[in-house]
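Residue numbers begin at 1 in each chain, while the letters A, B, ... track the order of the sequences.
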There are 2 protein chains.
Amino acid sequence: MADRKSRSPTIIDIAAAAGVSKSTAARALSNAPNVAEASRKRVLEIAEAYGYERNHLARSLRSGRTGMIGLVIPDLANPFWAEVARGAQDEAARRGASLLVFSSDWNADREAQHLRALRQARVDGAIINPVADGSDDIHRAGLPMVLIGSSAERFAQLSSVGSNIAQGVAIGLNRLAEFGHLQPALLLGPPNRLARVRFQRVVHDHCVARGIDPATLPVEEGDYTVESGRRAMIRLIGRAEQPVRCVFAANDLMALGAILALRDLGLRCPQDVSVLGFDGIPAGAYAAPGLTTVAKPARAIGTEGMALLTEAIDGTLDHRRVLLDCHFVERGSLARPDHAGLPPEMRNDHAA
Amino acid sequence: MADRKSRSPTIIDIAAAAGVSKSTAARALSNAPNVAEASRKRVLEIAEAYGYERNHLARSLRSGRTGMIGLVIPDLANPFWAEVARGAQDEAARRGASLLVFSSDWNADREAQHLRALRQARVDGAIINPVADGSDDIHRAGLPMVLIGSSAERFAQLSSVGSNIAQGVAIGLNRLAEFGHLQPALLLGPPNRLARVRFQRVVHDHCVARGIDPATLPVEEGDYTVESGRRAMIRLIGRAEQPVRCVFAANDLMALGAILALRDLGLRCPQDVSVLGFDGIPAGAYAAPGLTTVAKPARAIGTEGMALLTEAIDGTLDHRRVLLDCHFVERGSLARPDHAGLPPEMRNDHAA
DNA sequence: CTTCATTTTGGGAACGTTACCAGAGAGTAT
DNA sequence: ATACTCTCTGGTAACGTTCCCAAAATGAAG
């Protein structure tokens, strides 16, 4: 009896079957007030029996709200961003919304294209990791939005959620100090890139705060890939000045590269050289030794971004910039220096 | 001039401004035939100037097509499924569709809930990795769908896309044979699980086809986690009967565990023991040695699933079951047995 | 029994688009 | 000039809701 016309029943069918007007049926189904208990019960029973399902399209067209949220990230297949997406999706589901996901591949054109698609789909709002330099495309979007990730810094006037790099670096350096490593070498990203500048600046500030001369830290650079980390580590070890006992890498992939390099060079990690990463990617757990790292709150960035966006949609959000704390993940690539394994000329006795 | 009423312009505004009826404007904007070139040009110019954007909601309500596709996978944060999602998303974008993503967490209730959301959002179709045992929820969905992944086997009557396990195992065993490993030990998943049964059956068949007695292959089992793989490898080495020179694991995580175990046991990989994985997760690249593995065509499953779904939506798809080939990824955990490094009692000279 | 307040109901008008059909021109052949 | 075909156009009716307002029913108080 449910589908006489092989067409899914509309609210009009339900109203007719329940012997009420579509207005009353609508009220009953959206459990609004001012509908007699008897009518409501009637309508709900009929709807249940007919397998009625509200047409969300019509509802949206009328009310202007779609219950859909757009998410634009650089790459859904990247573990970090996948984790962010998962967080956003969980929170969206909790709030009864659905998530439209797009990957920009760090490409401004594609980003603009996705933004257009979002607007056309009439999403209620969007969470975006902006790629475009010119802020035009982002602002022009004309819908409630929350930015995520570090590139959000370029758009100071928009609310955003990111990880607290300063706090993360602080944890890292503190833990390194506890292990006796006061002057870790740094593996940074390519120069001129925002991420590198920020990481380096934060390390610098923290060193100053701890009374360490930042200029004494050896620095090498890579491009955030494993291979570049491997080569940077080799260069670092090759330096004559000072034996390297500890490396703090700006991301996990380079840290993994460093661990590989140490193995190739016949040095033990962590006994000879400690390695600390920054990111918290799952792959770090499978290295040997497991990569100790400062993990960014990827999933929380997604959930918090969605929470903020909800406020933005409701209009209750005044500008806010949320920085979520990183946390330390101990896995075994950090140790007190073990001088026994090193030839005398490589020993370094300044550690506490 | 674009937004006199601070409201986005509708097709009626455009039509009025262009001095034509909304019918003509609609035809021009959806570049339909039977509209004078002059009118079309006029309308398009005005639309451009006003920043007009078609309301996809209204369009969908009328036409019955939303241009949205649902994707339900177990976990968006899982690298394999993230890769599948990425493939689906790319193909969707290529076809001008948008992707609604949901994670079921291998939970039938959540899956049912997501399917309901999809129906309510009036998606044109869905790509699903089914979790529910009872086929009811899936069939009841009542929208065009394509299943992906191995669990699709349970729903023989629906079209599906999966990886060709048989072919993948064949490549793996062939390559192992080329390295002189004719009787690899097997690291399987938990008994009774579909995935294990299938993997084991395929290995069995291929051994028979190659003239090897399947019963001679040592077998251990784990639960697809790294730790279980580590323990299984230790048990394997501990077996008295026969020295193990090669392990074929049913997934990459267990293979990574095996590599960790070998290091702990003081055995060299690959010189003493070769390890072959199955999956192709990115983390395998960062192990030492890099994990050689048979990679499933994750991204292709997504793209092909979307391609099939498009046909299903158009009604041009008759039942099909697509199996996509796996490919071999050489990374360094495979080698010819190097007897020199082993104590005499562990040597095993039957290899070619 | 009236009056008034309150709850409940129904009828229409949106929302912005596309589908359909009939009519208006324009051009060509009889 | 008439008839006919063609291309183009405009009006109207959907699509399935929700929102608004007025009408009807109910109940309480005078």
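- Here the P atom of nucleotide D:dC15 and the CD1 atom of A:Ile12 are 8 Å apart, to the nearest Å.
- Checking B:Glu37 against B:Ser63, the closest nucleotide of DNA chain D that is more toward the 5' end is the one next to B:Glu37.
- Checking the phosphate oxygens (OP1, OP2) of C:dT9, no side-chain nitrogen or oxygen of A:Ser21 falls inside 4.0 Å.
- Contact annotation for B:Ser30: no contact, since no heavy-atom pair falls under 4.0 Å across all strands.
- Looking at B:Arg62, its side chain has no donor and acceptor atom pair within 3.5 Å of the base of D:dG16.
- Salt bridge annotation for B:Arg40-B:Glu37: present, with a cationic side-chain nitrogen under 4.0 angstrom from a carboxylate oxygen.
- When the nearest nucleotides of DNA chain C are assigned to B:His56 and B:Arg27 by heavy-atom distance, the more 5′-ward of the two goes with B:His56.
- Residue contacts shown for A:Asn34 include a base, since a base heavy atom lies under 4.0 Å away.
- When each of C:dT17, C:dG12, D:dG16 is scored by its nearest atom to the side-chain atoms of B:Tyr52, the top-ranked nucleotide is C:dT17.
- Using a 4.0 Å heavy-atom cutoff across all strands shown, A:Ser23 reaches at least one base atom of the nucleic acid.
- Residues B:Arg122 and A:His56 are not in side-chain contact: their nearest non-hydrogen atoms beyond the backbone lie 4.5 Å or more apart.
- Place B:Ala58 and A:Leu29 on DNA chain D by their nearest nucleotides, and B:Ala58 ends up nearer the 5' end.
- The only option from A:Leu76, A:Ile148, A:Leu71 that meets the side chain to side chain contact (heavy atoms under 4.5 Å, CB included) definition with A:Trp81 turns out to be A:Ile148.
- Between B:Arg54 and the phosphate of C:dT18, there is a side-chain N or O to OP1/OP2 separation shorter than 4.0 Å.
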